[in-house]
Amino acid sequence: MLSAGERPQPSHAPVIDSTIKARMPDLANGTNGATSSSSSSKPAQMQHIWVVTGPAGCGKSTVGNILRTELGIPFLEGDDFHPAANKDKMGRGIPLTDEDRWDWLISLRRAAIDALSPSEANNFHPPAGVVVACSALKQKYRDVMRVAAYGSSWVQIHFVYLKLSEDVLLQRVTQRQSHYMKSSMVQSQLAALEEPKDEWDAITINVEGTVEDVGRSVIDAVAEKLAEYK
């Protein structure tokens with residue numbers, strides 16, 4: 001029902017094409033998008049970024065909230081970080097381009113970094129992790145998010161890919177009310193989708209069952225992954 005890559009973390013950075021670098025000055029200078037304030041103090045525990053991925057209708061928000069409750073960590077809804085122009089395009093059935101997505105991905109990545117950093121919001125006691133709902137349809141989009149863990153052995157990133165059939169996706173999106181993403185967008189997202197089949201940090205979950213079944217599968221897979229760090 002689920003599978004996980006078991007290869008060790010590569011010692012090299014993922015390949016980031018020149019277009020992404022041009023839109024991401026923080027990659028060019030070797031930082032991860034966080035502020036360059038003092039990083040001498042290490043966190044008291046390993047921190048994990050759980051990026052819940054997949055096309056519209058796969059249940060990213062549902063699974064994200066399940067993990068938020070189970071792990072007791074913050075949840076970032078990726079849709080909230082789209083600029084109005086992106087939402088308008090998707091609402092009119094126009095697929096987003098790579099150019100549309102760069103700033104969105106960078107904003108979401110920075111928000112994940114901020115959530116793991118000591119701040120007044122967490123009483124300077126950062127959480128053990130953060131859950132992020134992000135479609136991350138292509139490997140290069142996931143590479144953008146992977147930068148959040150660069151430069152720190154205390155931060156690990158994981159992708160939880162939610163897999164289901166096109167028919168079920170269409171059914172679920174059609175049933176959604178007052179959402180900018182229309183059913184016509186499912187085909188374009190599936191056309192762009194690059195499943196994380198050979199990516200060491202990705203876990204694949206079949207989500208065609210009930211919410212309860214999916215929740216148990218996700219929790220079990222995450223618990224198994226966390227056990228590797230004990």
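Source: prediction; values computed, not measured.
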Where is the tightest heavy-atom contact between [X] and [Y], given as atom of each residue plus distance?
{"X": "Lys138", "Y": "Ala192", "answer": "CG-O, 3.5 Å"}
{"X": "Lys87", "Y": "Asp79", "answer": "CE-O, 3.2 Å"}
{"X": "Leu164", "Y": "Cys58", "answer": "CD2-CB, 3.5 Å"}
{"X": "Ala221", "Y": "Ile205", "answer": "CB-CD1, 3.8 Å"}
{"X": "Leu76", "Y": "Ala112", "answer": "CD1-N, 3.6 Å"}
{"X": "Ile73", "Y": "Pro127", "answer": "CG2-CB, 4.4 Å"}

Is the side chain of [X] donor-acceptor paired with the backbone N or O of [Y] at a distance under 3.5 Å, no angle test?
{"X": "Gln156", "Y": "Ala149", "result": "no"}
{"X": "Gln189", "Y": "Ala56", "result": "yes"}
{"X": "Glu208", "Y": "Ser165", "result": "yes"}
{"X": "Asn122", "Y": "Ser117", "result": "yes"}
{"X": "Arg68", "Y": "Val131", "result": "no"}
{"X": "Lys60", "Y": "Pro55", "result": "yes"}

Heavy-atom side-chain contact between [X] and [Y] under 4.5 Å:
{"X": "Val155", "Y": "Gln47", "answer": "yes"}
{"X": "Pro196", "Y": "Phe159", "answer": "no"}
{"X": "Thr53", "Y": "Met145", "answer": "no"}
{"X": "Leu105", "Y": "Cys134", "answer": "yes"}
{"X": "Trp104", "Y": "Val144", "answer": "no"}
{"X": "Arg142", "Y": "Glu194", "answer": "yes"}

Could you tell me the separation between the [atom1] atom of [X] and the [atom2] atom of [Y], rounded to the nearest 0.5 Å?
{"X": "Leu108", "Y": "Ile113", "atom1": "CG", "atom2": "CD1", "result": "10.5 Å"}
{"X": "Leu96", "Y": "Lys89", "atom1": "CG", "atom2": "NZ", "result": "6.0 Å"}
{"X": "Phe81", "Y": "Ile106", "atom1": "CZ", "atom2": "CD1", "result": "13.5 Å"}
{"X": "Trp50", "Y": "Lys225", "atom1": "CH2", "atom2": "NZ", "result": "7.5 Å"}

Is there a path of hydrophobic side-chain contacts, each under 4.5 Å between heavy atoms of I, L, V, M, F, W or Y residues, that connects [X] with [Y]?
{"X": "Leu162", "Y": "Ile66", "value": "no"}
{"X": "Leu226", "Y": "Phe75", "value": "yes"}
{"X": "Leu193", "Y": "Val168", "value": "yes"}
{"X": "Val207", "Y": "Leu170", "value": "yes"}
{"X": "Leu137", "Y": "Ile94", "value": "no"}

Donor + acceptor pair across side chains of Asp220, Ser217 (<3.5 Å):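 Absent: no donor and acceptor within the cut-off.
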Plane angle bin for Tyr141 and Trp102 - parallel if under 30°, tilted between 30 and 60°, otherwise perpendicular: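 Rings of Trp102 and Tyr141: perpendicular, as their planes differ by over 60°.
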So, [X] and [Y], do they make that salt bridge, N to O below 4.0 Å?
{"X": "Arg146", "Y": "Asp143", "answer": "yes"}
{"X": "Arg101", "Y": "Asp98", "answer": "no"}
{"X": "Asp88", "Y": "Arg92", "answer": "yes"}

Residue list, ring pair (Phe, Tyr, Trp, His ring centres under 6.0 Å) with Tyr229, at least two apart or on another chain: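 Applying ring pair (Phe, Tyr, Trp, His ring centres under 6.0 Å) to Tyr229 gives His48, His158.
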Sole candidate of Ile219, Val218, Asp213 that passes side chain to side chain contact (heavy atoms under 4.5 Å, CB included) when paired with Arg216: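 The passing option is Asp213.
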side-chain hydrogen bond (donor to acceptor under 3.5 Å, both in side chains) evaluation trace for Thr97 with Asp100: CA-CA 5 Å; Thr97 64; Asp100 294 325; 3.1 Å; yes
Listed partners of Ser153 passing side-chain contact (heavy atoms from CB on, under 4.5 Å), at least two apart: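 In terms of side-chain contact (heavy atoms from CB on, under 4.5 Å), with neighbours along the sequence ignored, Ser153 is linked to no residue.
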Set of side-chain contact (heavy atoms from CB on, under 4.5 Å) partners for Ser61, sequence neighbours left out: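 Counting only residues at least two positions away or on another chain, Ser61 forms a side-chain contact (heavy atoms from CB on, under 4.5 Å) with Glu77.
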